[in-house]
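Presented below is the structure to which this report refers.
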Amino acid sequence: MKEKVYLYDTTLRDGTQGEGVSLSVEDKVKIAVKLDQFGIDFIEGGWPGSNPKDMAFFERMREIPLKHAVVTAFGSTCRPNVAAEEDDNLRALLESGVKAAAIFGKSWDLHVTDALKTTLDENLRMVADSVAFLKSRGLTVLFLAEHFFDGYKHNPVYALRVLEAAEEAGADWIVLCDTNGGSLPHEIFDTVRTVKASVQTPLGIHPHNDGELAVANALAAVQAGAQQVQGTINGIGERCGNVNLVSVIPNLQLKLGYDCVAPEQLKQLTKLSRFVAEIANMAMPNNQPFVGNSAFAHKGGIHVSAVLKDPKTYEHIDPELIGNKRRVLVSELAGQSNLLAKAEELEIDVALDRQEAREIVKRIKEREFQGYQYEGAEASLTLMLLEAAGKLRQLFTLDSFKILMEKTADQSISSEAMVKLHVNGQVVHTAAEGNGPVNALDNALRKALETHFPCLAEMYLTDYKVRVLDESGATAAKVRVLIESARDGEKWSTVGVSTNVIEASWEALADSIRYLLWKEGCEEAERPEQTEARVGIVNH
Ligand SMILES: CC(=O)SCCNC(=O)CCNC(=O)[C@H](O)C(C)(C)COP(=O)(O)OP(=O)(O)OC[C@H]1O[C@@H](n2cnc3c(N)ncnc32)[C@H](O)[C@@H]1OP(=O)(O)O
Ligand SMILES: CC(=O)C(=O)O
């Protein structure tokens, strides 16, 4: 193992500067506890001089003992022409009761003259006095040199003088910020290396992602001698975000051999990333490196065949090291390897040989050509596999359905569905209303089946998506319906395709019920006298 790189998380401060991100005090507390468990060294909770919520967070955190992390409060240097001990912002840092404070100061002369509207010497005074004041009150002080890399490009002598002022005043850390996020990795490397030669204080890096290079910039800084990386979980933050610690950490630890967190903690990375996304109410991109749902999802038949022989062939790391998992997708790009691996992953005991698997893959490809999509509808795929292996009983079959829709002059709309099914050899005829035709159909179908299969009462629809497959066909185009259903916290997805959206919905609905019945092992039902090859394709 190489030396330790300290992790400084600013999700709760810089992360909340991201558009659309707003965390309550309790949200922040929950995230802080998880960050601590994960092994983050510094948790920046907010800016106490900015708003009462951030102050309340620090109050709350006094009641919550953390195992490892140091809770840090953020603020600026004192204002121009104001003594540090008189400055409201610095006083608020002390009032927050933290043991460590991160204060940012200007290191780009342009910002001193044009934003602060003060002199270069007064800015040096502000930096030195602010650091010295907080140190005199016993705090660990991190000095964040805002815009350091841009400042260093325009006026290197002044940018270095700012760092020296912070160092002489006793700063424990000097953190170089790529505030505008536009630096390139070689610039970061060269500048950090030069600074390292003239500053004794340990250095940190705080990169933003405006050029989509923040991760590369963080790694370059560490390789040039920085010992702390400041970033956020999932890279949330203002404009294009901060550096994504979720990518930085495994790169540093698994690729470059630095010591960030214990291996067991690293295994919690995927959970941590998803937890923060959930609390921040942000959709995680499937292709998020390391922790995304697709980060280790293999689709091409050639890839799957090789990965099954040796995962290293198409995986840069073992997904388990960071708590993610390998997935195999089945689609028109699959080979028999995908299908056999998928059957194993779904724990379906179908005992297919390679030739049988190839036949099913052929059928999948034909159906994908018609518009079905199985990688997003694994429950329909499971049914197809079971059916092909002769392991699926038809517990119900459709005789017919009819749907009525009424819109009245007062703009009220209602739908009614009538469904005739064969269930266990009996003909069941039901009708139900709904707020739309699909909802009415769903209600009628369940009404028909619930007495025979009570487990259906707890199943509900969680998502319904329609996609037009042939735009040139306008209202006569084919549509694909993807339905997500859930029961007891378990979710599954099914697909239907037709030129008629109700028919496509029926296929997906019927599959979702058939899947649940198979999962529940509803084998006690009598085999119906009349069976069709596929539910939902006869008599309507
Ligand atoms: C790079 C970063 O991420 S820095 C953090 C940015 N985050 C935020 O700004 C979020 C929290 N901010 C806030 O709540 C508010 O902006 C506050 C409370 C800090 C200040 O509010 P206000 O007093 O109304 O000032 P306002 O926001 O309009 O302007 C910022 C002031 O800080 C001054 N300032 C900027 N940087 C510094 C600094 N390093 N040291 C001292 N003062 C500074 C500006 O010159 C400006 O002063 P002026 O009002 O005399 O022109
Ligand atoms: C201080 C800070 O957040 C920045 O310069 O980006």
Side-chain angles (χ1 to χ4, degrees), residues 8-19 21-23 42 44-55 57 72-84 86-93 96 101-120 122-131 133-134 141-152 159 162-163 165-166 171 173-183 188 204-211 214 217-218 221 228-232 235-243 245:
Y8 183 109
D9 181 274
T10 178
T11 305
L12 306 180
R13 196 276 301 175
D14 230 353
T16 61
Q17 287 178 212
E19 190 169 0
V21 181
S22 175
L23 301 172
F42 295 92
E44 188 177 86
W47 184 337
S50 162
N51 59 73
K53 190 202 276 178
D54 282 3
M55 198 50 122
F57 167 79
T72 308
F74 179 83
S76 70
T77 55
C78 62
R79 299 250 172 161
N81 308 314
V82 176
E86 303 295 328
D87 188 86
D88 290 344
N89 169 58
L90 292 175
R91 284 208 227 178
L93 284 174
S96 72
I103 52 167
F104 76 99
K106 307 294 186 192
S107 58
W108 184 358
D109 55 4
L110 169 87
H111 266 266
V112 178
T113 54
D114 290 25
L116 278 183
K117 299 270 183 218
T118 191
T119 64
L120 299 186
E122 173 59 1
N123 182 53
L124 293 177
R125 195 278 308 164
M126 290 157 62
V127 170
D129 280 7
S130 302
V131 172
F133 171 65
L134 294 174
V141 178
L142 299 98
F143 176 70
L144 275 58
E146 191 192 12
H147 292 109
F148 181 77
F149 296 92
D150 293 312
Y152 187 81
V162 172
L163 303 190
W173 286 91
I174 287 180
V175 181
L176 309 177
C177 303
D178 185 26
T179 308
N180 289 1
S183 299
I188 298 275
I205 178 78
H206 179 115
H208 281 260
N209 200 29
D210 301 68
N217 286 342
Q228 179 187 122
V229 178
Q230 299 197 341
T232 62
I236 60 174
E238 199 155 325
R239 304 186 308 276
C240 311
N242 287 60
V243 72
L245 285 180

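Whatever order the structure lists them in is the order used to number ligands and atoms, beginning at 1.
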Original post:
Would you say Asp210's side chain and Gly182's backbone share a donor-acceptor pair under 3.5 angstrom?
Top reply: no
Original post:
Identify the closest protein heavy atom to atom 6 (O) of ligand 2: which residue and atom is it, and at what distance?
Top reply: His208 NE2, 2.9 Å
**OP:** Provide the closest heavy-atom pair for Pro207 versus Ala214 in the form atom of the first, atom of the second, distance.
**Re:** CG-O, 3.8 Å
**OP:** Examine the proximity of ligand 1 to Cys78 and report which part, side chain or backbone, both or neither, has a heavy atom under 4.0 Å away.
**Re:** backbone
Original post:
Would you say atom 3 (O) of ligand 1 has a protein heavy atom nearer than 4.0 Å?
Top reply: yes
Original post:
Do side-chain atoms of Asp129 reach the backbone of Ala84 as a donor and acceptor pair under 3.5 angstrom?
Top reply: no
Subject >> Numbered atoms of ligand 2 (with element) below 4.0 Å of Leu144, judged on heavy atoms >> reply: 1 (C)
**OP:** Starting from atom 45 (O) of ligand 1, locate the nearest protein heavy atom and write down its residue, its atom name and how far away it is, to 0.1 Å.
**Re:** Ala115 O, 3.4 Å
**OP:** State the atoms of ligand 1, each with its element, that fall below the 4.0 Å cut-off from a heavy-atom position in Thr179.
**Re:** 1 (C)
Original post:
When you measure from the side chain of Lys53 to the backbone N and O of Leu23, does any donor-acceptor pair fall under 3.5 Å?
Top reply: yes
Subject >> Closest non-hydrogen atom pair, Ile205 against Ile188 >> reply: CD1-CG2, 4.2 Å
Original post:
For atom 18 (C) of ligand 1, which candidate among Gly49, Gly237, Gly75, Ser130 holds the nearest heavy atom?
Top reply: Gly49
**OP:** If you have a sec, work out which protein heavy atom is nearest atom 11 (C) of ligand 1 and how many Å separate them, to one decimal?
**Re:** Ser50 OG, 3.5 Å
Original post:
Where does Thr10 meet ligand 2, judged by heavy-atom distances below 4.0 Å: at the side chain, the backbone, both, or neither?
Top reply: neither
Original post:
For Met126 and ligand 1, does the shortest N/O to N/O distance drop below 3.5 Å?
Top reply: no
Original post:
Just by modelled atom types, is the Tyr8 backbone N or O under 3.5 Å from a matching donor or acceptor in the Glu44 side chain?
Top reply: no
Original post:
Any donor and acceptor pair, going by atom type alone, linking the side chain of Thr72 with main-chain N or O of Ala101 inside 3.5 Å?
Top reply: no
Original post:
Do any non-hydrogen protein atoms sit less than 4.0 Å from atom 23 (O) of ligand 1?
Top reply: yes
**OP:** Answer yes if a protein heavy atom lies under 4.0 Å from atom 15 (C) of ligand 1, otherwise answer no.
**Re:** no
**OP:** Check whether any side-chain N or O of Asp87 sits under 3.5 Å from a backbone N or O of Arg79 as a donor-acceptor pair, and report yes or no.
**Re:** yes
Subject >> Minimum heavy-atom distance Ala102-Leu144, with the two atoms named >> reply: CB-CD1, 3.9 Å
Original post:
Considering only protein heavy atoms, which is closest to atom 7 (N) of ligand 1, and at what distance to one decimal place?
Top reply: Gln17 OE1, 3.0 Å
Original post:
Less than 4.0 Å between atom 51 (O) of ligand 1 and some protein heavy atom, yes or no?
Top reply: no
**OP:** May I ask whether Arg13 has any heavy atom positioned less than 4.0 angstrom from an atom of ligand 2?
**Re:** yes
Original post:
Under the 4.0 Å line, does any protein heavy atom show up next to atom 30 (C) of ligand 1?
Top reply: no
**OP:** Give a yes or no answer on whether the side chain of Asn123 reaches the backbone of Val112 with a donor-acceptor pair at less than 3.5 Å.
**Re:** no
Subject >> Flag: protein heavy atom within less than 4.0 Å of atom 42 (N) of ligand 1 >> reply: yes
Subject >> Taking atom 40 (N) of ligand 1 as the reference point, the nearest protein heavy atom with its distance >> reply: Thr77 OG1, 2.8 Å
Original post:
Should Glu146 be counted as touching ligand 2, given the test is an N or O pair under 3.5 Å?
Top reply: no
Subject >> Asn242 and its side chain to side chain donor-acceptor pair (under 3.5 Å) partner, picked from Asp9, Asp14, Thr232, Asn209 >> reply: Asp14
Original post:
Does the pair Ile103 and Phe133 meet the rule for a side-chain contact (heavy atoms from CB on, under 4.5 Å), with working shown?
Top reply: CA-CA 12 Å; Ile103 52 167; Phe133 171 65; over 6 Å; no
Original post:
Heavy atoms only: which of Lys106, Arg79, His208 is nearest to atom 47 (O) of ligand 1?
Top reply: Arg79
**OP:** Output the list of atoms in ligand 1 that are nearer than 4.0 Å to some heavy atom of Phe74, sorted by atom number.
**Re:** 5 (C)
Subject >> Enumerated ligand 1 atoms positioned under 4.0 Å from heavy atoms of Arg13 >> reply: 3 (O), 5 (C)
**OP:** Looking only at protein heavy atoms, identify the closest one to atom 39 (N) of ligand 1 and say how far it is in Å.
**Re:** Phe104 O, 3.2 Å
**OP:** Could you list the atoms of ligand 1 found under 4.0 angstrom from a heavy atom of Ser76?
**Re:** 38 (C), 39 (N), 40 (N), 41 (C)
**OP:** Before giving the answer on side-chain contact (heavy atoms from CB on, under 4.5 Å), spell out for Met126 and Leu116 the whole-Å C-alpha distance, their side-chain angles and the decisive distance to 0.1 Å.
**Re:** CA-CA 11 Å; Met126 290 157 62; Leu116 278 183; 3.7 Å; yes
Original post:
Closest heavy-atom contact between Ser96 and Pro48?
Top reply: CB-CG, 3.8 Å
Original post:
Which heavy atom in Ala145 sits nearest to a heavy atom in Leu163, and how many Å separate them?
Top reply: CB-CD2, 3.6 Å
Subject >> Close-contact set for ligand 1 against Glu146 heavy atoms, below 4.0 Å >> reply: 1 (C)
**OP:** Compute the shortest N/O to N/O distance between Trp47 and ligand 1 and return yes if it is under 3.5 Å, no if not.
**Re:** no
**OP:** Please work out whether the ring planes of Phe74 and Phe104 are parallel, tilted or perpendicular, with thresholds of 30° and 60°.
**Re:** parallel
Original post:
Tell me, which protein residue and heavy-atom name are nearest atom 44 (C) of ligand 1, and how many Å apart are they?
Top reply: Leu116 CD2, 4.4 Å
**OP:** Return the residue, atom name and 0.1 Å-rounded distance of the protein heavy atom closest to atom 5 (O) of ligand 2.
**Re:** Thr179 OG1, 2.6 Å
Original post:
Which residue holds the protein heavy atom closest to atom 2 (C) of ligand 2, what is that atom called, and what is the gap in Å?
Top reply: His206 NE2, 3.5 Å
**OP:** Could you tell me the separation between the CG atom of Leu90 and the SG atom of Cys78, rounded to the nearest 0.5 Å?
**Re:** 6.0 Å
Subject >> Within-cut-off N or O pair, His147 and ligand 2, under 3.5 Å >> reply: no
